[in-house]
Amino acid sequence: MPLPEKLHLPISRRMFVSGAATVAASPLLVTPEGGHIRIPSHMGEKLPAGLFTLGVASGDPLPDGVVLWTRLAPAPLTGGGMPDKPVAVEWEIAEDDRFRRGRRRGVTTADPRLGHSVHVDVRGLRPDAEYHYRFRAGKQISPAGRTRTAPAARSRPHHLRFAFASCQDYQAGFYTAYQHLANEDLAFVAFLGDYIYEGARNPNAARHHEGTGEPYSLEQYRNRHAQYKTDADLQAAHAAFPWIVTFDDHELDNNWADEVPQDPALQTPEAFRARRIAAFQAYYEHMPLRRTSLPSGLDIQVYRRLRFGSLASLHVVDTRQYRSDQPATLEAAQDPSLTMTGAEQERWLVDGLESAGSRWNLLANQVMWASNDRKAGPEQVFDFDNWDGYRVQRRRLLERFGAGRVSNPVVLTGDRHCTWACDLRPDFDDPSSPIVGAEITGTSITSGGNPDTAAFHATYDPIMADSPHWRYIDNQRGYVVCDVTATRMVSSLRLVDTVWAPSASVRTAAEFVVEAGRPGITAVTQEQATARAASRWAGPVYDVHDDEDAFPLRR
Ligand code: FE
Ligand code: CA
């Protein structure tokens with residue numbers, strides 16, 4: 001798919017050509033800040049064609065700045081294809097899409113040690129303003145992207161509109177959801193994890209992963225990320241808005257926890273640590289993250305907070321790097337020493353929630369907080385990779401939500417490949433436990449493929465009858481758009497009719513309403529037909545497939 005029409009910009013070669021002339025005439029380039037940058041001597045050397053195969057992106061908007069990203073990769077699936085030396089990359093940002101007004105520019109270096117990725121932390125921008133940006137390396141000019149800064153810290157915005165998305169298994173289908181997301185009117189996109197999947201090529205899948213197996217080395221993770229980034233719909237979604245990203249498990253290994261892999265019998269601790277380092281470096285190289293997220297040793301700093309004036313704070317959490325290994329039984333899940341976040345991040349989260357001074361406190365989160373029993377009747381069966389496995393810490397945090405100092409907490413969640421709108425209570429088994437917040441678990445871009453909706457409702461509607469905190473469930477593909485004002489937050493479930501064809505239509509299947517000052521969520525359902533049909537279902541039990549990485553096409 002081409003970029004959306006509004007992003008088809010007439011490339012002003014004249015301007016970049018004049019910039020090149022300046023570079024050729026002088027070894028120094030004047031930066032917007034008035035300093036000088038020495039242009040590397042190989043600036044004029046011939047570079048391979050097709051440097052910008054991975055598109056452009058921006059991220060982590062601040063009131064005065066944003067991160068601009070690209071990676072030079074003329075051979076994206078085979079190591080990148082760049083010469084093993086640093087390359088100067090010019091960047092340019094302007095208020096208009098013809099790059100005439102308020103133009104700022106500079107030069108950065110695409111370093112082979114970071115896969116020739118580029119992360120420019122542009123500052124000095126105006127708050128709550130749209131900008132357009134692009135890059136140049138040698139004579140090649142990147143596609144242009146559009147981005148937006150955050151509102152000023154002391155401002156009181158009336159409205160914030162953003163989307164959140166998760167779980168984009170390339171093999172499970174086409175990114176039809178991003179075709180529509182790219183045309184929404186959004187301040188940002190929050191991506192909640194499973195940006196890549198580490199699974200090996202599945203010959204029966206909708207599309208095929210590169211390579212012959214799971215990635216382990218830096219080059220293998222680079223190739224996997226690069227393959228995802230070559231998708232035109234994903235590129236369009238990145239080029240349309242700044243993204244605020246966090247990862248879950250599949251960016252490294254299914255269900256990993258800190259230094260423990262999915263299958264400790266098959267990956268030694270040393271090998272898994274090396275794998276983690278490689279995966280995090282490739283993740284940083286491909287994401288529009290600030291330099292503060294540059295990996296160091298085994299770790300990458302991803303939990304962080306972004307603020308949108310007094311209206312909302314977005315607390316981005318990391319529930320993988322610091323967590324205890326998953327418990328195996330419900331009894332083990334009651335162990336008070338188990339942690340999903342680590343003690344330091346828990347303090348950071350609680351302090352931030354209580355002192356944010358924001359009307360809304362939104363969590364960009366990976367796995368479900370709300371209790372999610374998977375068996376009808378009195379017996380309860382849980383996936384302990386979710387917060388159900390870390391229930392003492394969950395209760396402690398939800399009690400903070402309800403203690404009067406956290407303003408309007410709403411947890412935004414990925415991972416589940418289904419939609420689950422829930423009330424949050426410190427004790428989900430006690431109907432007298434107060435409602436202290438809301439959670440929206442928001443479907444997936446592709447993971448799970450085209451769903452069997454009737455089987456899903458036949459399996460889960462009876463469990464819903466035992467789970468009064470579940471307010472809406474669904475298993476179709478898409479994303480969620482959230483409209484936030486001082487008085488309420490309305491989240492629209494946007495669903496596509498297929499991910500097994502290159503394009504699809506989109507519709508709003510339901511709206512979830514959270515009123516400020518009244519914890520809990522109400523689902524305004526627009527589609528009832530599937531649930532009614534499911535009451536007559538006599539087919540197989542629906543398998544949620546949370547952990548699978550590829551889905552055979554069934555025709
Ligand atoms: Fe996933
Ligand atoms: Ca049950």
Side-chain angles (χ1 to χ4, degrees), residues 164-173 175 177-178 190-199 202 205-206 209 214 224-225 228 234 245-257 262 279 283 318-320 326 329-330 333 364-368 370-388 391 412-420 422 427-431 440-451 458-470 473-480 499 541-551:
F164 69 95
S166 64
C167 294
Q168 55 183 28
D169 188 345
Y170 187 87
Q171 298 199 122
Y175 295 155
Y178 283 138
F191 191 85
L192 308 181
D194 291 357
Y195 191 96
I196 61 164
Y197 281 71
E198 84 285 18
N202 176 352
H209 274 154
E214 292 192 12
R224 184 59 57 90
H225 271 282
Y228 278 60
L234 179 59
V245 301
T246 187
F247 55 74
D248 191 23
D249 54 338
H250 289 288
E251 285 85 348
L252 169 48
D253 184 30
N254 183 39
N255 282 3
W256 66 279
Q262 172 184 22
Y283 184 77
D318 173 349
T319 56
R320 288 287 163 193
Q326 291 88 349
T329 64
L330 188 53
N365 165 68
Q366 294 82 16
V367 294
M368 264 182 85
S371 176
N372 54 117
D373 179 18
R374 297 180 180 209
K375 185 158 185 163
E379 191 192 345
Q380 294 186 311
V381 173
F382 297 107
D383 176 355
F384 295 122
D385 188 60
N386 300 166
W387 281 87
D388 280 323
R391 46 188 61 214
L412 310 175
T413 297
D415 176 63
R416 189 69 201 265
H417 308 173
C418 292
T419 299
W420 240 267
C422 297
D427 184 347
F428 292 98
D429 295 324
D430 175 3
I440 305 169
T441 294
T443 180
S444 69
I445 293 294
T446 53
S447 303
N450 282 356
T459 302
Y460 277 93
D461 287 359
I463 308 175
M464 191 166 179
D466 301 335
S467 305
H469 60 286
W470 296 1
I473 60 173
D474 181 82
N475 72 331
Q476 298 169 79
R477 308 281 76 81
Y479 57 92
V480 179
V499 297
V541 169
Y542 183 76
D543 180 356
V544 179
H545 294 307
D546 312 83
D547 299 331
E548 295 206 12
D549 50 46
F551 295 85

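Numbering of ligands and ligand atoms starts at 1, following listing order.
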Scan side-chain atoms only and decide if Asn372 and Asp383 contain a donor-acceptor pair under the 3.5 Å cut-off. no
Could you tell me whether the Ca ion (ligand 2) has an N, O or S atom of Gly377 under 3.0 Å away? yes
How are the rings of Tyr170 and His209 set relative to one another: parallel (under 30°), tilted (30 to 60°) or perpendicular (over 60°)? parallel
Is the Fe ion (ligand 1) less than 2.8 Å from at least one N/O/S atom of Asp194? yes
Non-hydrogen atoms of Phe382 and Asp388 that approach each other most closely: CD2-OD2, 3.2 Å
Does either side chain, that of Asp385 or that of Gln326, offer a donor lying less than 3.5 Å from an acceptor on the other one? yes
So, Ser444 and Arg477: side-chain donor and acceptor under 3.5 Å apart, yes or no? yes
Given O of Lys375 on one side and O of Glu379 on the other, what angle do they make at the Ca ion (ligand 2), to 10°? 100°
Of all N/O/S atoms in Asp373, which lies nearest to the Ca ion (ligand 2)? OD2
Is there an N/O/S atom in Ser447 at a distance below 2.8 Å from the Fe ion (ligand 1)? no
Kindly confirm whether the Fe ion (ligand 1) is within less than 2.8 Å of some N/O/S atom in His417? yes
